[in-house]
Amino acid sequence: MKELQRTGTGARDGNDATVSRKAEHVRLCMEEEVSFTRKATGFECWEFEHNALPELNFDEVDTSCEFLGYRLTVPLIVSGMTGGYKDAESLNRSLARLCRRVGIVCGVGSQRQMLDDDRFLGSYTVVREEAPDVPVIANIGAAEIARLKDFGPVRRLVDVIGADALAVHCNPLQEFLQPEGNPEFRGALEAIGRLVHALSVPVIVKEVGAGISARVARRLEEAGVRWIDVAGAGGTSWAGVEMMRREETCLPVSREFWDWGIPTADALREVRQVVAPGVRIVASGGIADGVMMAKALALGADFVGVARPVLLALWNDGFEEALRLVEGWANDLKGVMFLTGSRTISDLKLQSLRCIAGAR
Ligand SMILES: Cc1cc2nc3c(=O)[nH]c(=O)nc-3n(C[C@H](O)[C@H](O)[C@H](O)COP(=O)(O)O)c2cc1C
């Protein structure tokens, strides 16, 4: 679908490298097999206890919830994926339309490119234009935060798209493997702590598919972070994406990195155990249907995030099919709630799951 220019190896960033990298990431995620191969999310190890007497009509089930003052129809976030190059505008327009139609949260991809210039500003602002009444999440990397002396430019990333929160992605695995990556995370935690106090919107610290551990979550909480997206292993492998981008001149790397990371269900449970109940947890990374969504909520998530499956549906099958996919998930979730006698999301969160064969 898209013609791309390859980023030259060794170019440690620069405006055009950022632009072409974002386009190439989307193309690889859409056209290649970039999932984990030897590891699943861990949700397969858990199941609900069936309730043959739910004492509830299906129509009474209420999947709605509150997110930063908005009412969502289901606790779902389309995680940040794209922006910062020409064709990203139409993708973000469709994602925003979809989020509005369903009534869920819309994230934009990394706004790193906006720190250089405003050439592709429209690829980000289109989200708020298209979805004036859904929550929008801005996005930037932890390595960028650590590098910035003042947070004026970060405030602008949030303001310009009218965002309700800022996602800060921690992606050391990706930066390590990326040919032109920036594996510089010294000072990131301290900078995130300052950012939390400097911004008027919440900061959501996320991984990109390798997971946030309990230890990291505790350090984030101590730094003042109140929103964590565990973005665990089992879905899109960003190590895989970057390994495909490495050229022959790059050093060979171990195939083990492809499957590196903490499975999403494990990260979720471990983080939930150590952080205060008031810390909001998003479970993402490999969520592939509404039953998984329900399991994530019952295992301690407040919200669930999805990235590649939605973009893939949009890319391959168009808007209506992507919409049907997400509406199907909402219906799955409602089905699980019915079958477990959970009228509300709060009721679902009280359900205990059974460990099944292979469970840790
Ligand atoms: C095409 C694509 C681009 C992405 N770009 C970003 C990004 O710019 N910033 C970010 O925080 N995460 C980015 N992600 C990671 C997702 O937000 C998510 O954490 C990860 O893909 C795991 O979710 P999944 O298994 O549902 O895809 C991207 C994912 C995809 C598929």
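As the structure is a computational prediction, the values presented were derived from the model and not from experiment. In listed order, ligands and their atoms are each counted from 1. Residues take their numbers from the sequence shown, with the count starting at 1.
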Answer whether the closest heavy-atom distance between the side chains of [X] and [Y] falls below 4.5 Å.
X	Y	result
L148	V154	yes
I77	V304	no
S35	T236	no

Can you name the atoms of ligand 1, numbered from 1 with element, that are less than 4.0 Å from a heavy atom of [X]?
X	result
S110	7 (C), 8 (O), 9 (N)
G285	22 (C), 23 (O), 25 (O)
G235	25 (O)
G286	24 (P), 25 (O), 26 (O)
T236	21 (O), 24 (P), 25 (O), 27 (O)
K22	5 (N), 6 (C), 7 (C), 8 (O)
G109	8 (O)

Going by the 4.0 angstrom heavy-atom rule, the piece of V208 near ligand 1 is both
Does the separation of the ring centres of F257 and W238 fall below 6.0 angstrom? no
Closer than 3.5 angstrom, by distance alone: can the side chain of [X] be matched with the main-chain N or O of [Y] as a donor-acceptor pair?
X	Y	result
R128	A131	yes
K349	A301	yes
R280	R226	no

Say whether [X], considering both its backbone and side-chain N or O atoms, lies within less than 3.5 Å of an N or O atom on ligand 1.
X	result
R308	yes
S79	no
C29	no
M81	yes
T82	no
L311	no
H25	no

To check your reading of the model: name the closest protein heavy atom to [atom], its residue, and the distance in Å.
atom	value
atom 18 (C) of ligand 1	A307 CB, 3.8 Å
atom 19 (O) of ligand 1	K206 NZ, 3.2 Å
atom 13 (C) of ligand 1	G80 O, 3.1 Å
atom 29 (C) of ligand 1	W238 CZ2, 3.3 Å

Using the ring of each side chain (for Trp, its six-membered ring), is W227 parallel, tilted or perpendicular to F303, with breaks at 30° and 60°? parallel
Do you know which two heavy atoms are closest between D302 and R272, and how far apart they sit? OD2-NH1, 3.4 Å
Would R97 and F319 count as a cation-pi pair here, with the cationic atom under 6.0 angstrom from the ring centre and within 45° of the axis? yes
F58 ring centre to K334 NZ or CZ under 6.0 Å, with the angle to the axis within 45°? yes
Can you find a non-hydrogen atom of [X] under 4.0 Å from ligand 1?
X	value
M30	no
I287	no
P309	yes

Does either side chain, that of S213 or that of E270, offer a donor lying less than 3.5 Å from an acceptor on the other one? no
Could you tell me whether the side chains of R71 and S64 share a donor-acceptor contact shorter than 3.5 Å? yes
